[in-house]
Amino acid sequence: MSEPEHARPQYGEYATPEEQRAAIRVPAPGAGAGSEPGSASVSGSASAGRTAPAADASPARRHGASGDRHLPPPRPTTSAARPSRTADRVITLILLAYGLVTVASAIPQLWHFAAFAGSWMDLAGIDGTFTNTAQGDLWGRIGVGVFVVGWLVTAALSVRAIARGKLAWWIPLVGAIVTFIVVSVCLTVPLLGDPAIVAHFGA
């Protein structure tokens, strides 16, 4: 009786290791697990093709969104800003001119303080004559200097503010108030030093 014929190998008993790996789809050593050598490149190229448009478009969208947030606000046009600047300059120059006229009219009165004090006593209803002439002339001329310096400083600050494009109409007003207060103090000193005035307010 002949030796039974050896059954044909069905599970690759005689196959080489490379043929066995190819039959059961096992990657060769060093290749990525769970994928065929050709499948990784195909899937990678497919995924890259799907995500490339989004990657190209997203930086532009991010740049546009962030760029819009950091953009400075639009500056007002010169045509819209010109009327307010012009009005400010006109008002400032008018106030400076009025202050100059006031200073020019006050200089001769304060320079001869006795005449100024006599007129002030008549308006206040004080009987008598102003006799504190020496102190009056001194403080009257100090008041003249304060008036002149105050106007010059005010005018310089106003012109500087206009040259820098800033509002300047308030500077003549503040300068006039400060100057008037200082001059009033200077005039009060000789008036309160006159005997007739002291006697009138002390009675």
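All values derive from a computational prediction rather than experimental measurement.
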For a quick test of reading the model, state the closest non-hydrogen atom pair linking [X] to [Y] and the distance between them.
| X | Y | value |
| --- | --- | --- |
| P172 | T154 | CA-CG2, 3.5 Å |
| I171 | A161 | CD1-CB, 3.8 Å |
| W169 | I91 | CB-CG2, 3.9 Å |
| A155 | L96 | CA-CD2, 3.8 Å |
| L100 | W151 | N-NE1, 3.2 Å |
| D194 | N132 | OD1-N, 3.2 Å |

task = Start with the C-alpha distance between F130 and F116, add both sets of side-chain angles, then the distance that settles ring pair (Phe, Tyr, Trp, His ring centres under 6.0 Å), and finish with yes or no.
result = CA-CA 10 Å; F130 182 78; F116 169 78; 9.3 Å; no
Is [X] linked to [Y] within one hydrophobic cluster, defined over Ile, Leu, Val, Met, Phe, Trp and Tyr using a side-chain heavy-atom separation of less than 4.5 Å?
| X | Y | answer |
| --- | --- | --- |
| V103 | Y98 | no |
| L95 | V178 | yes |
| F201 | L191 | yes |
| V146 | L152 | yes |
| V174 | L93 | no |

request  = Any side-chain hydrogen bond (donor to acceptor under 3.5 Å, both in side chains) involving residues 179-190? Give me the pairs, sequence neighbours left out, ordered by first then second residue.
outcome  =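 Qualifying pairs: none.
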message = The test is side chain to side chain contact (heavy atoms under 4.5 Å, CB included); show your working for T92 and W170 and say whether it passes.
response = CA-CA 8 Å; T92 303; W170 59 273; over 6 Å; no
State, with a plain yes or no, whether a side-chain heavy atom of [X] is found less than 4.5 Å away from one of [Y].
| X | Y | answer |
| --- | --- | --- |
| I197 | W120 | yes |
| P190 | L138 | no |
| R85 | L167 | yes |
| L187 | F113 | yes |
| R141 | L110 | no |

inquiry  = Could you go through D127 and H200, starting from their C-alpha distance and side-chain angles, then the distance that decides it, and tell me whether this counts as side chain to side chain contact (heavy atoms under 4.5 Å, CB included)?
reply    = CA-CA 8 Å; D127 296 332; H200 174 77; over 6 Å; no
key: S84 side, atom OG; R89 side, atom CZ - distance, nearest 0.5 Å   = 10.0 Å
inquiry  = Under the criterion side chain to side chain contact (heavy atoms under 4.5 Å, CB included), I'd like the reasoning laid out for V148 against I107: C-alpha separation, chi angles, the key distance, then a yes or no.
reply    = CA-CA 9 Å; V148 173; I107 288 176; 4.0 Å; yes
